[in-house]
Structures are given as structure tokens and as C-alpha cells.
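This report refers to the structure that appears directly beneath it.
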Amino acid sequence: MNGGIRWGYAINQWKPQFDDFVRREQHERALKTISIAGFEGVELTYGTGRWEPLGNPQQLAANFGSVTGFGEFVRGCALDAVSSWYWDPAERSMEHLTGPLSPMAEDDLPAMVERARELAGALPELGGSVLVVRPVPGAGDVEPLGDDALGRVAACWDAVGRATAEHGVRTALHVDFLSALRRDHVPALLDRTDPAVVGLALDTGELTAGGIDPLTVISAYGDRIAHVQFKDALAVDEAEEYLQPHAHWTVRVRGGAREIPRWFAEPGADGGLVDFPAVTRALVEAGYSGWIVVESDQSPHPAASALLAGYLVQRELRPLIETEKEAADA
Amino acid sequence: MRDTLRWAYALNQWNVRLDVFVRHEDQQRALKTVSACGFDTIELASGTGRWDNISRPEVILLNHGSHAGFLDFLRRASVQGVSSMFWDPQAPAEEEEGYAFRSTANPADADAIVEWSKPFVDFVAGVGAEQLVVRPVGSAWMTPPLDGDGIKRIGDVWNRIGELTSASGVGLALHYDCLGAVHTAEELTALLDATDPASVGLALDTAEFTVGGIDPVTYYREHADRVTHIHLKDTRYADTGDEYRMPGAESTMLKGGAGRRIERWFYELGTEGGLVDVRAFVAALREHEYSGWVVVESDHGGNPAELAMLNSWYLQHELGIPKS
Amino acid sequence: MNQQNIKWSYMDHWRSNGPSGPVDQWHSHKTMSAFLKQIKATGFDAIDTFDFRIWQMYGDYGGPAKYQEMVQDNGLERIVNTFHAADYDVRNYAPHIPATHEYILEDFRVTMGRWSEIQLDNIIVMPATLYYDMEPVTEDKLKYTAECWNKVGEITAGFGVKLTCHHEFFCGIQSEADIETFYSYTDPQYVSLFVDTAQHCIAGVDPVALYNRHAHRVSGFHFKDTRNVATGDDHRHRPDSEIMAPTTGKWFYEMGTDQGLVDFAAMMTAVRDNGYRGWISVEHDKANKEGGDYSESTAISRWYAKNVLEEIYR
Amino acid sequence: MVWTKWSYMDHWVTETPQGPQPPSFNRAYMDRYVKQLSALGFTGFDTFFFYLPLYAGMYGGVPGFERFLQDNGFDKITGIFSAYPSATKYTAPHVRETHDRIVADCTNTLRMCEALTGVENFIVMPTSTYYQTEPVTDDTIKVVADLWNRVGKLTLEHGMKTTCHFEFWGAIRTRAQLETFFEYTDPEYVHFFCDTAQHTIAGVDPVQLFRDYRDRCTGFHFKDTKNVDEHEAYRTPPDPELMAPQVTRWFYEMGEGGLVDFPGLMKEIVASGYDGWLTVEHDKAELGGGSYAEATAVAKWYIDNVLAGAQAAAEAELGVAR
């Protein structure tokens with residue numbers, strides 16, 4: 001099984017706007033596209049409300065009868081599994097009538113654990129094993145993280161990690177390029193969490209856009225990597241624009257001062273900055289086993305992005321893993 | 001557009017591939033869009049075959065029975081008429097002309113080209129349009145270098161066709177484009193000198209001039225008496241000097257295939273970084289009491305309805321022309 | 001121009017294609033500028049908007065007044081109406097459940113305060129929860145709902161803005177009988193009707209007749225078209241009818257569309273005969289579904305207003 | 001045994017800064033297109049005669065283009081499609097006087113295919129539109145048959161089989177007309193190319209037709225339709241394919257609930273012993289907001305997940321599993 005590495009594709013690129021990608025037949029076509037492009041699994045993104053049928057277990061049940069029913073739908077599209085669920089606690093929940101939750105607020109802890117438990121509880125049935133989380137808000141939206149704050153955050157994710165572990169699901173902290181954990185805070189948080197239940201989600205595109213070489217992260221924290229996302233970066237935030245307030249809108253969506261039309265794309269895109277063969281090799285060397293979820297993030301043409309990514313995986317990355325493994329065995 | 005200048009809109013941007021813009025309801029939607037943007041007159045572009053049924057005279061007539069039938073079709077969308085029609089005899093018409101490649105630069109082709117012009121002349125006259133707008137010569141990369149005699153021979157072909165258009169009561173306007181074998185201002189002036197001012201005029205396209213390295217305002221001021229037709233559009237780029245000579249320049253240059261990866265050259269009026277001084281150009285037209293059509297177009301550049309609306313906005317709000 | 005009885009406002013649903021996929025006009029100042037220019041170019045006089053955009057107005061433009069200045073810089077008069085799109089939930093926000101009323105009233109007190117720096121004509125609401133959350137629709141529930149909106153209307157009137165009800169085909173009050181009962185319990189001083197031609201048509205209600213019956217309290221219109229009347233459980237499809245009804249992938253079309261079911265000529269005649277003066281809003285939400293295009297739909301609908309409807313009444 | 005010979009017919013449209021265009025827009029789009037087909041696992045590539053000069057320009061010759069395909073896991077260019085959908089005074093298969101010109105055109109196309117690995121099919125639309133050809137008499141069909149006998153002999157000299165692809169709006173469309181045509185053509189020179197959607201629209205059962213003409217069949221277009229032409233749309237001038245009043249979109253990819261019984265066809269193919277190329281086609285997939293990339297992916301998904309099963313079942317039944 002490719003040295004324990006399985007390939008998935010993230011669904012988020014199919015939903016550019018809130019009223020897109022709501023109908024069942026669209027989901028079916030997207031899942032079939034992911035399947036035929038050579039992927040085994042699909043990663044879901046947390047969402048809320050009736051126009052997010054794939055957003056959370058309640059919506060899955062409302063649309064497919066039950067989580068099991070959704071699992072059948074996925075397998076009917078010839079995919080093996082939902083690899084993982086991406087969840088940013090700052091997203092509100094219409095189902096629970098809650099607003100944004102914060103890992104820094106102790107009062108939110110019970111709700112955070114409960115929500116994580118719910119998402120993680122659905123994953124095993126869908127063949128999935130990772131809850132990917134946004135560990136802290138964006139750097140521009142919070143005070144710099146001091147020892148206290150980091151302590152609270154670490155306690156929160158440890159609690160979440162213990163809860164998801166009950167379902168056999170790993171909790172993986174996903175550091176994006178706007179994160180308050182960008183640069184040196186990463187070790188600060190990771191070192192405070194329990195390696196048994198909390199790992200790192202390595203996102204090649206986010207790290208690269210944040211000016212961090214994914215290879216250095218692999219060499220430093222290879223044993224803590226619990227999940228991998230492969231997307232390419234087309235630009236680097238060199239001017240530290242991530243420190244601005246509302247950077248999600250002003251930098252990520254609008255492209256910041258340089259008006260970057262698009263930060264991210266599928267691996268291997270024209271102008272992409274990530275060296276995927278090198279990252280793949282490093283992951284194998286670090287003994288990584290688990291999902292690699294390929295993404296384009298947004299895309300002007302979702303099916304094309306999935307197929308182009310599939311091309312790279314089939315023709316380059318998967319064979320490379322075989323070769324590395326053979327070399328290791330020999 | 002209520003103005004002393006007469007404004008029309010070109011339909012070419014809707015017909016971006018061979019199998020689109022075929023159904024009448026699609027064409028009606030484009031016509032209504034143009035109308036809603038304040039234009040009641042359109043320019044047509046030539047094409048070939050059964051899917052170019054708002055482009056090829058014979059096929060238009062097959063669709064609508066007669067010139068009057070076609071005008072009725074336009075009027076259903078509140079478009080009142082046709083200003084002009086564009087025709088490139090160098091573009092092979094698969095179905096009507098047996099896919100023959102001909103060039104005005106080749107004397108042996110002259111008779112055939114004059115013959116081919118007839119359905120267009122008849123159609124332009126038949127629908128009450130004023131100008132047959134033509135591509136005077138093929139692309140530079142496909143044409144041997146032209147000397148003075150070569151330009152004269154090209155002029156002769158157009159003089160012959162000019163006689164036909166004059167006899168039918170319509171004008172003939174030579175449309176300079178940035179890939180053409182007549183490329184420099186001097187060559188263009190030589191071509192104008194080789195043609196009869198009584199029957200042959202110049203169609204000045206602001207973006208094509210700019211890409212080709214000719215300043216449209218200056219050239220217009222110097223040759224206002226010969227300019228009988230205008231295409232108003234903008235560009236963000238100029239040819240670096242010799243890209244137009246690249247083999248397959250239609251694609252290697254204008255689609256960014258082998259050059260600077262500029263995949264779109266032509267833009268709506270008021271575009272950011274636009275190189276055409278539209279305001280000065282329109283002012284020059286007013287100074288010279290230009291009396292022909294000013295056709296706004298955006299060529300192939302994305303969403304046609306969006307571009308038509310942005311062009312309309314520019315006319316209304318930057319040039320201060322009331323819509324109705 | 002100055003003699004006209006009717007002015008046209010554009011309800012600002014919008015999508016265009018960006019380098020990373022479809023975006024709405026709030027994506028950047030550039031996309032907003034292109035949007036407003038296109039609306040103005042086709043001859044609209046103003047725009048309507050949504051309540052939830054207020055955050056972007058404050059965040060990106062310095063508040064509704066500043067945003068309205070940008071609207072005006074592009075030649076449009078102003079923002080006429082706002083649509084209050086709430087999360088209806090029977091636990092805390094359901095007009096037919098009195099226990100939730102105080103929450104709703106507080107929502108409007110806050111909302112109207114946020115908008116108070118500009119003058120709106122209407123704040124538009126869907127007057128009931130989703131149909132399946134309200135059924136069975138009883139006289140009592142209609143009465144509670146009416147009471148709720150009477151009180152909300154009093155709040156909005158305090159800000160000089162009319163509270164007006166827009167009956168989605170999938171909301172709890174959509175049948176002719178229920179609409180009539182609902183208005184019999186509401187106070188005309190505080191609760192107006194906002195006629196959405198397509199929504200009523202989909203629900204099997206004749207929008208012209210409905211308008212004629214309630215003309216005195218109609219405070220605005222969404223002129224949009226549809227090609228389908230809801231059948232079976234379309235109006236109560238779980239979890240959603242608007243995008244997910246199995247029978248129909250796209251409910252809404254711009255007026256002037258082929259095969260449209262709304263009789264706009266009759267509608268405009270009724271507008272004239274009732275002596276209505278003021279704004280008519282043009283809407284075509286989700287125009288981009290199934291290969292559609294907002295720019296084109298906007299041009300077509302404005303063409304239709306100018307060439308067909310203004311011939312009847314302007 | 002998995003069917004490895006799936007090829008893709010070169011209709012495709014993608015977004016460019018100049019609007020939706022074929023990938024021949026420029027080399028970068030073309031490369032991306034080929035990679036996407038490769039990712040799906042297609043190994044054959046069918047194209048149109050009029051794209052050959054464009055591809056030659058981009059890849060330094062048609063063989064250069066084929067090498068690019070091969071670098072991406074394809075076997076070769078498998079078919080070339082040539083057609084005269086509109087009858088003109090220069091070219092009209094039912095007008096004998098134009099045959100020399102058509103043969104000359106075919107010669108040009110064959111010249112462009114020189115030095116390729118081995119194009120198998122020279123696919124032709126045997127007639128122009130019905131409305132330009134009617135009345136369709138025995139004699140009309142004879143004239144058309146003579147043309148393709150002649151072309152067939154020519155292409156065979158270049159290693160390609162001339163094979164006829166019948167449009168629902170072409171002059172040879174009914175079962176009876178097809179039979180007459182096959183009778184008048186030489187089985188050695190003129191072959192049958194089965195387009196599942198076109199025959200279905202024309203009211204002809206493609207599976208039965210294949211069963212009856214299996215010996216002359218050299219290929220398929222696997223595409224679907226949701227409509228049988230019940231309003232004589234095939235006679236719509238100037239064009240029934242895009243302008244029929246009742247039907248705005250005729251063609252769909254497999255697996256979308258259309259009328260064609262693809263598993264049935266697959267079983268028939270296995271039973272017949274046919275072992276050539278199977279081609280996926282979907283014209284105008286972008287109508288109604290569709291995307292070619294997605295349509296192609298969904299069709300290939302259907303092949304791997306549904307047709308593969310039908311094939312396996314048929315093989316088991318026949319006891320021919322290798």
C-alpha cells in the first residue's frame with residue numbers, strides 16, 4: 001500500500017460561493033471525478049446550514065439519511081473513504097446555534113470538544129482517520145500569543161485530541177499562512193501538546209506562501225506529522241501582510257497589496273513554487289504513513305485541477321514512493 | 001447613444017468559436033444586451049458555413065429569407081440596423097469558397113477576390129449598411145515583403161472592389177490590423193495613396209493601431225479626410241517590434257502561445273493600464289466633424305455582456321454621452 | 001426622465017469569473033466597481049442590497065453611507081431596500097413561535113441602528129420560517145406571525161423604514177389562503193407586502209391578482225421570472241427547496257426569458273392602474289446556475305423593462 | 001482482462017482569457033489537456049483533420065505531437081475525422097462532379113499523417129446535411145458509395161481504414177438507407193463506425209446495427225443522448241445539430257441517464273470478438289454550464305466502474321476470460 005501512504009483529494013475547490021455545489025448530482029460528479037483521477041479518498045470541509053450538505057454529520061444525515069448512507073454514496077462513486085475533515089472552530093454552527101468558537105477561550109472548551117467529537121465520531125464509519133483543525137486564529141486578528149495563550153491553546157487541542165482519539169481519529173493542527181502560529185510559534189505550540197493525541201498537518205502550499213520551506217518542517221517534526229495536504233503556492237507573502245487585521249479577506253481572498261490573483265493551485269501548476277518530488281521523498285524518509293490530500297484550494301476549473309493533480313500523482317509521485325520504498329527495502 | 005457621433009457595437013466578441021452563437025435565441029440575447037447598453041446599430045463580421053448564420057450573407061439569408069427578414073429579426077431586439085460588415089478575403093471560407101487561400105498580395109488571386117466580394121457588397125447594400133470593412137492584406141508572416149509595387153497591386157484590387165461598392169451606394173473601408181503585411185505608418189499611407197479616395201477609405205481601429213506601433217490620434221489628425229470608419233477598443237500591450245512576424249502570429253502572438261504569454265490583447269474602454277487615449281481620440285473625431293460610424297468592440301476578451309456594459313458605462317460616464 | 005413614475009433598482013445578486021473561480025462583487029473594490037458600472041450602463045437607477053453585506057460595508061468601505069457614496073460615484077442614486085436574510089430556526093428565530101419574538105425584535109433594533117446612517121425605503125423579510133419548520137400552518141401560527149411583524153414594523157417605522165414581506169415559495173406563508181389570513185392579522189401601518197413575481201408564480205399564486213387585492217399596502221416588487229410551478233413536495237423539500245428540489249435545478253430567470261410564466265405585461269398594467277409610483281426592483285438570483293451569466297441576464301432584464309414594460313407605464 | 005484500448009475524440013473546450021476556446025488556443029493549454037486525458041487513462045487519441053496543422057505548428061510536426069502523447073502514456077493517434085457537413089459547389093459527396101476535389105482533400109490529410117505510428121481509422125461523415133441532399137434515392141446513395149469506395153481504396157494504401165460515421169441529420173440515417181449504403185460499398189474499402197448517440201437519435205438501434213454489421217465495424221463513438229428525433233429535426237436548415245427548435249442539446253456523456261444501453265453494447269462487443277479501439281466522444285458538453293474536463297472524467301469513471309463490469313460478465317459468460 002505505497003508504504004502506508006494513501007492519496008485523497010479535497011472537495012473545497014468545488015464550492016467557491018455559498019450557493020454553489022448544493023445538489024446531489026453535483027456531488028456525485030465531483031466524487032466520480034476524484035475517483036477516476038486516481039484518488040482513494042476525499043477530504044471534506046466543515047460547513048453549516050442547509051446549503052452545506054457535506055458540511056457536518058447532521059447535514060449528512062439530513063441529506064443521505066445517515067452518515068452510513070453518505071458512506072454508501074461515497075463508495076458508490078468508487079472512492080474508498082472520506083480521509084479527513086477540515087474544521088475551523090471560528091466557523092459558526094447553525095445546527096448548534098453557536099457563533100465562532102475560540103481555542104483561546106477557556107469557556108469555549110466544552111463546546112469545542114463536543115464539536116470535535118461529533119466530527120470525529122462520523123469519520124471511522126466513512127473510513128477516515130484525521131480531524132484537521134485550524135489551531136489558532138489569524139495573526140492579525142489576535143494579540144501576539146504569549147505563554148498563557150499558548151498554554152490555553154495547547155490544553156484545548158490536547159482535550160480535543162483525547163476526544164477524537166476515542167474514535168481512533170488523529171487531531172492534526174493545520175498551520176496556514178495567515179496563522180498566528182506562522183514562524184516560530186509552531187514549535188512553541190507543538191511542544192506543549194501530547195504527541196500521543198495531537199499531530200501536525202503539513203500543508204505544502206500554506207507553508208510555502210508563508211515563507212517556510214516544508215522540507216525543514218519535515219526534518220524537524222517528521223515524527224509529529226499526522227496529516228499532509230499537497231497544494232502548490234503561486235506566491236509568497238514576503239511583506240508579512242499576514243499580520244494585518246482581516247487578512248483572510250484582504251490578503252488571502254483579495255491578494256493583499258500586490259493583488260495576487262491566486263495564492264494556491266493544484267500541485268504542478270504553472271509557476272508553482274513547491275518541489276513535490278522532494279517533499280514526497282522527504283515524507284517517505286521520515287517514515288510518514290497516512291493520507292496525503294491533494295488540493296487546489298480555489299480553482300477556475302475544478303475538474304481540470306483534479307485531473308492535472310491526478311496526472312502528477314500517477315506519473316511522478318506514486319512511482320517515486322515505490323522507488324524509495326524499494327531502495328529502502330534493498 | 002444620443003450624440004453627434006454615430007455609435008454602433010460589433011457582434012464579433014460573441015462568436016468566439018465555430019459552434020457557439022448559433023441559435024437564434026442566443027443571438028437575440030446578444031442583440032438585447034447591445035440594445036440595453038444603448039446601441040441600436042451593430043456591425044457584423046464575416047464567417048463561413050451553417051454555424052456562422054449571423055456572419056455569412058448567404059447563410060443569413062437562408063435563416064431569415066431576405067434582407068428585410070433579417071432586419072425584422074434585429075428589430076425584435078430593438079436593434080434598428082447594421083452599420084457595417086467586416087470581411088477578410090484572406091480568411092479561407094470553407095464552405096462558400098472551397099477553402100481556397102487567396103491574398104490581395106498575389107495578382108493571380110485578384111479576380112477571384114473581386115468575385116468573392118460580391119455577396120458582401122450586395123448584403124451590405126441590402127440591409128442598408130454604410131460600409132464594407134475589409135482586411136486589405138493578409139498577415140505579414142504569411143506574405144512576402146511588400147515593395148511599393150506590391151502595395152500598389154493591393155490597392156488595385158481594392159479600387160476594383162471600391163467600384164462595386166460605390167455602384168451599390170456603400171463605402172469600402174480598409175481596416176488596418178496589427179498582424180497585417182501593411183504594417184508601418186508609411187506602408188499604410190502608401191496603401192491609402194494607392195487607392196481612390198472617392199471610393200476607398202480607411203477603417204481606423206484604435207487598439208490595432210496602438211499594438212502595431214502607430215499612434216491613432218496623430219494618424220487620424222493627419223489623414224482625417226480618408227478615415228471613413230472607426231473601431232474603438234483598447235489594448236494593454238504594444239508589439240515589441242517584431243512579434244507580428246512570428247510564424248502563426250494569430251496564435252503565437254495574439255494568444256500568447258510562443259511570445260510573452262500575453263493571452264489577451266484587447267480590452268474594453270477604460271481598462272486599467274489601457275494604452276489608447278480614447279478621450280483624445282474621440283475629441284479629435286469631433287474636431288474634424290467625423291461623420292461615419294464609430295463601432296465599439298472588445299474583440300475576444302472574456303464575457304461579452306460584461307464588456308458591452310463596461311464599454312457603455314465608459315461612453316456614458318467618461319465621455320458624457322447620454323444613452324437615450 | 002424627471003416625469004417618470006417608475007424607477008428601476010437592481011437587487012444585487014451577482015457573480016463573475018475570477019482567476020480562482022467565481023466571485024461576487026464584494027470580492028474587491030475592482031469587482032465592485034465593475035459591477036456598479038454594468039448596472040448603471042444598462043440604465044438602472046439604484047440598487048437594493050442584503051443586510052449581511054453591512055459587515056463588508058463597514059469593513060471595506062467605512063460604513064453604509066460611504067459605500068453609498070461609491071454607488072453614487074458610479075451614477076446610481078442610492079441604496080433603496082435591504083433584504084434581511086435571517087437564519088430561521090424554531091429554537092430561537094421563528095415568527096410563528098411567540099417565545100422567540102423577543103430575540104427577533106432585538107435583532108431588528110440592532111439591525112436598524114446599523115443602517116441608520118442612510119435612508120432606506122424598505123427592509124424586506126421572509127415572513128415565516130421554511131415551510132417544513134412551520135407546518136401545519138394553522139390560524140394561530142399565522143396570528144402569532146402577524147403579531148411578530150406588527151411589532152417589528154413599529155421598530156423599523158421608528159427609523160423611517162417600512163417593514164415589508166416577501167413570500168418565498170418555500171416559506172411557511174406561501175399559499176393564497178395563508179397569505180390572505182396573514183395580512184388580515186397584520187397592521188397595514190406597520191406591515192407591507194413586497195410582491196416577488198416569480199416566487200408567487202412558483203407557489204401557484206397569481207402575482208397580479210395578489211397585487212391588485214393588496215395594492216394599497218404593496219411597498220415594492222421583485223420583478224423576476226420562472227419557468228416552473230412547484231409540484232408535489234417541492235415547497236417542503238428537506239433540507240432545502242430553493243436549490244435542491246429534485247424537480248428543478250434552477251427556479252429563477254430574468255424577466256424577458258423564453259418560456260417565462262410570469263405575465264409581466266399584466267403586472268405592469270396593474271402597477272399603472274393602481275397608480276403605483278416609485279421603485280421596482282429587478283432580481284434574478286442564481287442566474288449563473290446551469291451555465292447562465294449575470295451580466296447577460298441583467299442586460300436582458302433591463303432591455304425588457306425598457307422595451308416592453310416602459311411602453312405600458314413609465 | 002481490462003479493456004486497454006480506449007481513445008478520446010478531440011472535442012474539448014476550456015476557459016481562456018479570450019473566453020471558452022479549444023485547447024489548441026496555445027501550447028500550454030494543449031499540454032494541460034493531454035495531461036488530463038492521460039490522468040484518466042486514455043491511451044488513444046482521435047482528432048479532426050483541421051487540427052493537424054495547428055498541432056504540427058505547436059509540436060514541430062504531427063509526429064512531434066504524437067510523441068508528446070506517447071510521452072504521456074498514449075499509444076498513438078488512432079483516428080482522423082474528416083467531413084463535409086455542408087454541401088458546397090466544391091464538395092458534396094452526393095454530387096459526383098465534386099468527388100475529385102474530395103479525394104484531393106483526403107490525399108492532403110493522408111500526407112499529414114505520414115510518419116505516425118499507425119492511424120487506424122480514417123473516419124468520414126459520408127454525406128452532407130439531409131436537407132441539402134434530399135430527396136435521398138437509391139441513386140443518391142450509389143453516388144455517395146462510389147466516392148467512399150474510391151477514398152477507401154486510397155486510404156488503405158496508407159494503412160488506414162475508411163470508416164463511415166452517420167449523423168442523425170445526414171442523408172443516410174434510416175436503417176433502410178444504411179443497408180443500401182452498405183450494399184453498394186465494398187466491404188474491403190468501406191467500414192462502419194458506430195456512433196451510439198447519432199443512431200439512437202435517428203431511431204436506429206445501435207446495438208442491433210453493430211450486431212448486424214460487426215464484420216465491417218472498425219470503431220465506436222461512445223456517447224449518449226436523451227432524445228429521439230420525433231419532429232423531423234434532422235431536416236432543419238441550415239443546421240439541425242445546434243438549431244433544432246425542440247432540442248437545444250442532443251449529446252451527453254455516458255452515465256447521465258440517457259437512452260443508450262452501453263452495458264448491452266459492451267456485452268455485444270465482447271461476444272463479437274471485436275478487439276479494436278473504443279472511443280469516447282461528447283460534443284458540446286459545455287451547454288447548460290457543463291465542463292469538458294468533468295464530462296470526460298465522469299465518462300471514464302463510467303467505463304471503469306460500470307462497463308468494466310459488463311465486460312467481465314460477458315467474458316465470464318463466454319468463458320473467454322484469459
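Applying a 4.5 Å heavy-atom cutoff, the residues of residues 303-320 of chain B that approach chain C are B:N303, B:A305, B:E306, B:M309, B:L310, B:S312, B:W313, B:Q316, B:H317. Along residues 47-81 of chain C, the residues that come nearer than 4.5 angstrom to chain B, judged on non-hydrogen atoms, are C:N74, C:G75 in order of number. Contact annotation for residues 15-36 of chain B against chain C (heavy-atom separation below 4.5 Å, listed by residue number): B:E25, B:R29, B:K32, B:T33, B:S35, B:A36. Listed by sequence position, B:E272 are the residues of residues 259-283 of chain B in contact with chain C, using a 4.5 angstrom heavy-atom cutoff.
Between chain B and the options C:A305, C:G256, C:G43, C:A299, the largest number of non-hydrogen pairs under 4.5 Å is found for C:A299. Note: C:K30 leads C:K30, C:K306, C:R302 in heavy-atom pairs under 4.5 Å with chain B. Taking C:D258, C:T298, C:N307, C:T42 one by one and counting their heavy-atom pairs under 4.5 Å with chain B, the maximum is reached by C:T42.
Atom CD of C:E311 has more than 12 neighbouring heavy atoms from other residues, nucleotides or ligands inside a 6.0 Å radius.
For C:S16, the part lying under 4.5 angstrom from a heavy atom of chain B is the side chain only.
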